[in-house]
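Below is one structure, written out as structure tokens, with a few remarks after it.
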Protein chains: 2
Amino acid sequence: MSGTELLENLADGPCVVACPVRRALDILDGKWTLLVVRDLLSGKKRYSELQRSLEGISPRILAQRLRDLEAQGLVLRRVFPTNPPTTEYELTEQGLAMRGIIGALAEFGATMV
Amino acid sequence: MSGTELLENLADGPCVVACPVRRALDILDGKWTLLVVRDLLSGKKRYSELQRSLEGISPRILAQRLRDLEAQGLVLRRVFPTNPPTTEYELTEQGLAMRGIIGALAEFGATMV
DNA sequence: AGCGAGCGCTATATAAAGTGAAGTAGTTAC
DNA sequence: GTAACTACTTCACTTTATATAGCGCTCGCT
């Protein structure tokens, strides 16, 4: 089902039962979640790269969001036994499905000057 | 600029300066904001209709979100001097631009079973 | 006349989420 | 030796959301 078709179904009334929009928002809850996803859309990133890019995020929240996304199967985490040890985060196939959301947000944000 | 083009620009690196995704998320911040928008996409709604549809929302938050959306120019609020007085909320032209976001969320939420 | 229901909220108290500064443990470059 | 990099954790604090109660009004019912 496409986004447009889903929208037409939504138009019939309130989502009484589990609505796909609500499910998406439950998964993507949290102030920084979609910004982490945005950064990962351009390829795998290390913890410190994300921290630098997401100006203002606290390390606690970044770690929490990455763990949550990993638990959802949206992000893959890989630790390398280098020196100092580095960790890489990468979107899974399923995680890449969020491209459309980020695109739509970017489009909307661009119109809101 | 389309969503895809914006995505390609994002791919170059972190959004150091005001990123459209970040701007969108700032505006749409809050757990219930996008669910309110989802409901309003199918036409104008009254306060009590929204409250019934958004099972679990507290009246305080609903009022706050509607006020915020109105302040952003995304929602139009109209009070009728009927008995009892009714209030109608409706998406503005600018508010309708969020259709793409809700569509993308619905599409993603549908894949996350 | 009195009762409860519906309208669109607001008030107050409490729980959850996020912030900011600091700390941890190991390694390496100056 | 000391400062920095790595990926985080801990703690005290603020911000945000929830739960519950209530307001002033009018309507229909009895």
Side-chain angles (χ1 to χ4, degrees), chain A residues 14 19 21-40 43-72 74-91, chain B residues 14 19 21-40 43-72 74-91:
Chain A
C19 156
V21 179
R22 192 156 190 168
R23 189 158 50 243
L25 290 173
D26 278 349
I27 292 165
L28 302 174
D29 194 32
K31 188 173 166 180
W32 294 95
T33 311
L34 280 165
L35 291 171
V36 171
V37 172
R38 175 204 65 186
D39 276 16
L40 289 177
K44 52 187 154 198
K45 293 265 153 39
R46 287 190 289 172
Y47 182 90
S48 52
E49 287 183 277
L50 291 169
Q51 195 171 5
R52 264 190 298 274
S53 167
L54 300 167
E55 213 179 332
I57 197 172
S58 76
R60 171 178 163 2
I61 296 298
L62 178 53
Q64 208 169 92
R65 289 295 147 258
L66 287 167
R67 258 183 277 127
D68 288 355
L69 286 169
E70 192 193 3
Q72 294 286 348
L74 297 169
V75 159
L76 188 74
R77 169 199 156 114
R78 253 177 302 170
V79 186
F80 296 95
T82 54
N83 253 322
T86 54
T87 321
E88 264 183 11
Y89 296 93
E90 189 178 0
L91 287 178
Chain B
C19 157
V21 179
R22 193 155 190 170
R23 189 158 52 242
L25 289 173
D26 278 349
I27 291 164
L28 302 174
D29 195 31
K31 186 173 167 181
W32 295 95
T33 312
L34 280 166
L35 291 171
V36 171
V37 171
R38 174 204 65 187
D39 277 15
L40 290 178
K44 50 186 155 199
K45 294 266 151 43
R46 288 192 288 174
Y47 182 90
S48 51
E49 286 183 277
L50 291 169
Q51 195 171 6
R52 264 189 299 274
S53 167
L54 300 167
E55 213 178 331
I57 197 172
S58 76
R60 172 170 144 51
I61 295 299
L62 178 53
Q64 207 169 93
R65 288 297 146 258
L66 286 167
R67 258 183 278 127
D68 288 355
L69 286 168
E70 193 194 2
Q72 293 287 346
L74 297 170
V75 159
L76 188 73
R77 168 199 158 113
R78 252 178 301 168
V79 186
F80 296 95
T82 54
N83 253 321
T86 54
T87 319
E88 264 182 13
Y89 295 93
E90 190 179 0
L91 288 177

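The basis for the numbers below is simple: all heavy atoms, side chains too, and nothing from hydrogens, waters or symmetry mates. Below, chains carry the letters A, B, ... as their sequence lines are ordered, and counting in each starts from 1.
- A/Leu50 is listed as a side-chain neighbour of A/Leu66, based on a closest heavy-atom distance under 4.5 Å.
- At least one side-chain nitrogen or oxygen of A/Trp32 sits closer than 4.0 Å to the OP1 or OP2 atom of C/dT19.
- Of the two residues contacting DNA chain C, namely A/Gln64 and A/Pro84, the nearest-nucleotide position lying further toward the 5' end is that of A/Gln64.
- The shortest distance between the side-chain N/O atoms of A/Thr87 and the OP1/OP2 oxygens of D/dC8 is below 4.0 Å.
- One atom, CD of A/Glu70, and another, P of D/dA7, lie 15 Å apart when rounded to the nearest Å.
- Remark: A/Tyr47 is not in phosphate contact with D/dT9, judged by side-chain N or O atoms under 4.0 Å from OP1 or OP2.
- In this structure, B/Ile57 places its CD1 atom 10 Å from P of D/dA17, rounding to the nearest Å.
- Rounded to whole Å, the distance from NZ on A/Lys45 to P on D/dA7 is 14 Å.
- Counting any heavy atom pair closer than 4.0 Å across all strands shown, A/Ser58 reaches a base atom.
- Projected onto DNA chain C by closest heavy-atom contact, B/Arg67 and A/Asp29 fall at different nucleotides, the more 5' of which corresponds to B/Arg67.
- A salt bridge between A/Arg65 and A/Asp68 is present, with a side-chain N of the basic residue lying under 4.0 Å from a carboxylate O of the acidic one.
- The CD atom of A/Gln51 sits 10 Å away from the P atom of D/dT6 (whole-angstrom rounding).
- Atom CD1 in A/Ile61 sits about 15 Å away from atom P in D/dC8, given to the nearest Å.
- Residue A/Ser48 places at least one side-chain N or O under 4.0 Å from the OP1 or OP2 atom of D/dA7.
- Qualifying side chain to side chain contact (heavy atoms under 4.5 Å, CB included) partners for B/Pro85, counting only residues two or more places apart in sequence or in other chains: B/Asn83.
- Both A/Pro85 and A/Ala63 lie near DNA chain D, and the one whose nearest nucleotide falls closer to the 5' end is A/Pro85.
- A/Tyr89 comes within contact range of the sugar-phosphate backbone alone, with a heavy-atom separation under 4.0 Å but no base atom that close.
- Protein atom CG of B/Asp68 is 10 Å distant from nucleotide atom P of D/dT16, rounded to whole Å.
- Atom CZ of B/Arg60 and atom P of D/dG22 are 18 Å apart (whole Å).
- Within the 4.0 Å cut-off from OP1 or OP2 of D/dA17, at least one side-chain nitrogen or oxygen of B/Arg65 is found.
- Shown here for A/Glu55 and B/Arg22, the closest heavy-atom pair between the two residues is O-NH2, 3.0 Å.
- Across all strands shown, B/Pro59 has heavy atoms under 4.0 Å from base atoms, whether or not it also approaches the sugar-phosphate.
- For B/Arg52 and C/dC7, the shortest distance from a side-chain N or O to OP1 or OP2 is below 4.0 Å.
- Between the side chain of B/Ser53 and the backbone N or O of B/Glu49 there is no donor-acceptor pair closer than 3.5 Å.
- Partners of B/Glu90 under the salt bridge (charged side-chain N to carboxylate O under 4.0 Å, His left out) rule, at least two apart in sequence or in another chain, are B/Arg78.
- One atom, CG of B/Leu66, and another, P of D/dA17, lie 14 Å apart when rounded to the nearest Å.
- In terms of phosphate contacts, B/Lys31 brings a side-chain nitrogen or oxygen within less than 4.0 Å of OP1 or OP2 of D/dT18.
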